[in-house]
Amino acid sequence: DKARTFHLAEMIARQDINIYKLSNPIALNGANYEVEASYVVPMNQPQYRLIRGMFDKQLKFKDSLFYDISSWTLPLALGVDYEALKTLPMLGEKIEEPKMPLAKVIGKGDYAYAFEPFGYYAPRAIYRLLNHGVRIKVATDPFHNSDGKKFERGSIMVPVDNQEKVTPQQLAVYVKDIAEKDGIDVYTFTTGLDYKGISLGSSSFLLIRKPEIAILVEGGSYGSGVSANDAGELWHLLDQRYDIPVTMIPVSIFNTANLNRYTVILFPAGGYNAISDAGKEKLKTWLQNGGVAIGFENALTWFQTAGLGKFETKKDDAPGNTASTPSSSNASADKKEAMVSAPVKPKPYGEIEENTGAQETSGAIFEADVDLTNPLLYGYTNNKMPMFKSNNLFMEKAKGAYANPLTYGNAPLLSGYISKPNYDKLKNSSGLGIVNVGHGRIIGFTEDLAFRAFWFGPNKMVMNAIFYGSLIKTEAGR
């Protein structure tokens with residue numbers, strides 16, 4: 001993804017750090033670094049301490065209390081390939097000001113267009129086409145063009161014929177915009193036949209419909225507790241990054257709001273106690289009729305308690321927890337009594353803040369295992385993904401074979417601090433769940449996918465949930 005790499009270079013150059021192009025392409029640890037899409041940051045310059053702060057992973061700490069987040073590793077935040085080199089490669093030109101990558105329309109066919117989903121601004125291109133009334137489809141299986149180029153799942157196909165609202169000439173202009181504005185190559189097709197994969201008329205291409213999106217925000221006198229930061233991050237991602245309009249609905253008026261004009265509603269981190277029982281029933285009906293609700297962090301807890309979706313979380317193994325006691329009722333009672341009466345080690349009152357603060361996960365980076373064939377992961381190329389976590393929400397894995405598209409393994413910590421009890425709970429947990437509600441879906445992420453607008457890496461999962469949430473098969477549900 002040249003665009004995300006560009007944005008990282010842009011951040012670095014803004015700090016008066018010298019960056020260079022490669023003189024020749026190189027291969028490192030299975031990744032190919034091409035001249036036009038790679039940058040070199042030498043350490044031998046005045047800002048070397050800041051460079052270390054941007055790139056280093058931190059795993060050891062003298063304290064367990066943090067003013068802010070415990071890791072700022074920028075390449076992980078952007079989700080780009082990078083390597084620390086012991087010797088300086090042959091440098092190309094010095095970059096005074098990074099530029100958005102250039103792209104082009106390739107070929108001269110008049111049957112269809114297609115572009116890959118890897119570019120950061122692919123969602124912006126998709127919405128622009130939909131907003132112009134263009135009929136487009138997403139590929140759920142790989143396909144090829146006449147030159148043998150393979151297009152992975154999530155690639156977008158735009159037929160030229162049977163467009164009801166645009167002419168071929170207008171479509172050619174819109175396609176050129178994708179190359180010039182979004183930095184994404186667009187390929188032309190002279191035929192729909194594919195002798196290696198699926199043909200363009202296959203049922204593996206699914207029609208994408210233009211989404212109408214709302215975000216729930218704080219508002220009114222109920223003290224709903226929706227995080228203004230999290231709501232603002234999602235608004236910024238949609239409105240500023242992707243030029244997608246979104247309606248902000250205060251939770252205080254949700255109970256009387258008309259939901260039928262929306263196809264997608266985003267629930268940022270926060271509490272939703274202001275939503276009445278009637279509001280919950282209205283939301284349930286909207287979901288059953290095909291709506292897609294997307295929740296983040298502790299919004300999943302509300303879905304669970306509201307009876308709308310099963311997002312079970314791991315429980316503490318604390319004294320008095322009888323989940324693993326013997327089956328006999330007497331034995332269970334005896335065990336519980338013994339656990340309740342066990343002595344607790346006394347601690348000074350003055351250590352309360354220090355001890356409880358040490359259990360906060362203020363912001364660390366973990367490696368997730370992802371299923372690249374799931375529509376929510378279209379546009380990604382690595383089955384390992386850095387994720388930013390700033391909460392103690394640890395979701396149990398679902399029992400379904402297809403219901404865990406993003407999980408954490410036995411050693412997921414990449415950078416930052418997490419207490420041992422919380423780390424044990426994070427291991428082998430799920431970070432993403434899908435719940436079927438009639439014809440609709442609730443898609444729940446345990447993490448903030450747009451943290452402070454500099455965590456670019458997971459952004460596309462938000463957009464995939466918006467565009468493809470309604471297309472996900474029921475077998476993927478929790």
Side-chain angles (χ1 to χ4, degrees), residues 1-14 17-45 51 54-55 73-107 113-125 142-156 175-176 178-188 370 372 377-386 454 456-460:
D1 181 358
K2 296 178 184 178
R4 274 185 290 156
T5 308
F6 153 73
H7 283 299
L8 177 57
E10 187 181 41
M11 291 182 190
I12 296 170
R14 193 179 296 140
I17 293 172
N18 297 326
I19 59 178
Y20 298 82
K21 283 287 188 182
L22 281 170
S23 61
N24 298 293
I26 57 176
L28 296 166
N29 292 332
N32 295 316
Y33 294 85
E34 303 294 340
V35 172
E36 70 275 9
S38 304
Y39 301 89
V40 183
V41 186
M43 287 294 292
N44 185 18
Q45 53 181 307
I51 297 171
M54 289 177 166
F55 282 87
T73 315
L74 286 184
L76 297 180
L78 276 290
V80 302
D81 289 323
Y82 74 107
E83 289 287 342
L85 304 178
K86 294 183 178 180
T87 58
L88 198 64
M90 187 69 70
L91 297 178
E93 64 174 308
K94 182 180 177 181
I95 304 299
E96 299 297 337
E97 182 180 351
K99 301 292 184 182
M100 181 69 182
L102 299 175
K104 52 188 177 297
V105 179
I106 300 172
Y113 299 98
F115 60 91
E116 297 172 292
F118 309 123
Y120 180 76
Y121 290 104
R124 186 168 68 187
F143 63 100
H144 304 77
N145 66 7
S146 57
D147 294 329
K149 175 179 172 55
K150 184 180 181 181
F151 292 79
E152 296 290 353
R153 292 179 175 88
S155 294
I156 302 300
V175 165
K176 187 179 179 182
I178 296 173
E180 294 180 350
K181 296 179 180 180
D182 305 312
I184 298 171
D185 289 332
V186 183
Y187 295 80
T188 62
V370 299
L372 297 177
L377 278 305
Y378 285 169
Y380 293 97
T381 59
N382 195 328
N383 59 12
K384 304 286 186 181
M385 180 182 294
F454 82 92
F456 282 66
N459 291 169
K460 197 171 292 180

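This chain uses plain numbering: 1 for the first residue, then up along the sequence.
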### Nearest heavy atoms of P42 and I51, plus distance in Å
O-CD1, 3.6 Å

### Side chains of F55 and I12 in contact at under 4.5 Å (non-hydrogen atoms)
yes

#### Entry: F456 backbone acceptor or donor facing R4 side chain under 3.5 Å
no

### Query
Under 3.5 Å, is there a donor-acceptor pair between the side chain of E83 and the main chain of N29?
no

### Message
For a 4.5 angstrom cut-off between non-hydrogen side-chain atoms, does T188 reach V105?
### Response
yes

### Task
Could you tell me the separation between the CD1 atom of I26 and the CG atom of N32, rounded to the nearest 0.5 Å?
10.0 Å

### Query
Would you say the side-chain atoms of D81 and Y33 include a donor-acceptor pair closer than 3.5 Å?
no

### Geometric class of the F151/Y187 ring pair [parallel <30°, tilted 30-60°, perpendicular >60°]
perpendicular

### Query
Quick one: CG on L76 to OH on Y82, what's the gap to the nearest 0.5 Å?
4.5 Å

### Query
Looking at CD of E96 and CG of N18, how far apart are the two atoms once the value is rounded to the nearest 0.5 Å?
8.0 Å

### Message
Against the six-membered ring of F143, is K150 placed for a cation-pi contact (under 6.0 Å from the centre, within 45° of the normal)?
### Response
no

### Query
What pair of heavy atoms forms the shortest contact from A13 to P98, and how long is it?
CB-CD, 3.9 Å

### Query
Going from OG1 on T87 to CG on L85, what distance comes out if it is rounded to the nearest 0.5 angstrom?
6.5 Å

### Gap separating the CD1 atom of I19 from the CG atom of L91, nearest 0.5 angstrom
11.5 Å

### Task
Kindly give the heavy-atom pair with the smallest separation between P75 and L8, and that separation in Å.
CA-CD2, 4.1 Å

### Summary
Taking every heavy atom of K21 against every heavy atom of S38, the minimum-distance pair comes out as CD-O, 3.6 Å

#### Entry: Heavy-atom side-chain proximity of M54 to V41 below 4.5 angstrom
no

### Residue pair L88 / V40, side-chain heavy-atom distance below 4.5 Å
yes

### Query
Does any non-hydrogen side-chain atom of F118 lie less than 4.5 Å from one of E152?
yes

#### Entry: Side-chain touch Y39/V80, heavy atoms, less than 4.5 angstrom
no

### Query
Is there a side-chain contact between Y121 and M100 (heavy atoms, below 4.5 Å)?
yes

### Task
Measure the spacing between NZ of K176 and NZ of K104 and express it to the nearest 0.5 Å.
14.5 Å

### Query
Quick one: does D1's side chain have a donor or acceptor within less than 3.5 Å of a partner on G119's backbone?
no

### Message
Check whether K460 reaches the backbone of P117 with its side chain - one donor and one acceptor, N or O, closer than 3.5 Å.
### Response
yes

### Task
Search all heavy atoms of V370 against all heavy atoms of M385 and return the closest pair with its distance.
CG1-CB, 4.1 Å

### Message
Would you say NZ of K149 has more than 12 non-hydrogen atoms from neighbouring residues, nucleotides or ligands within 6.0 angstrom?
### Response
yes

#### Entry: Minimum-distance pair of heavy atoms, taken over all atoms of A179 and A103
O-CB, 3.5 Å

### Message
I want to check something: taking the side chain as every heavy atom from C-beta on, are L372 and R153 in contact at a cut-off of under 4.5 Å?
### Response
no

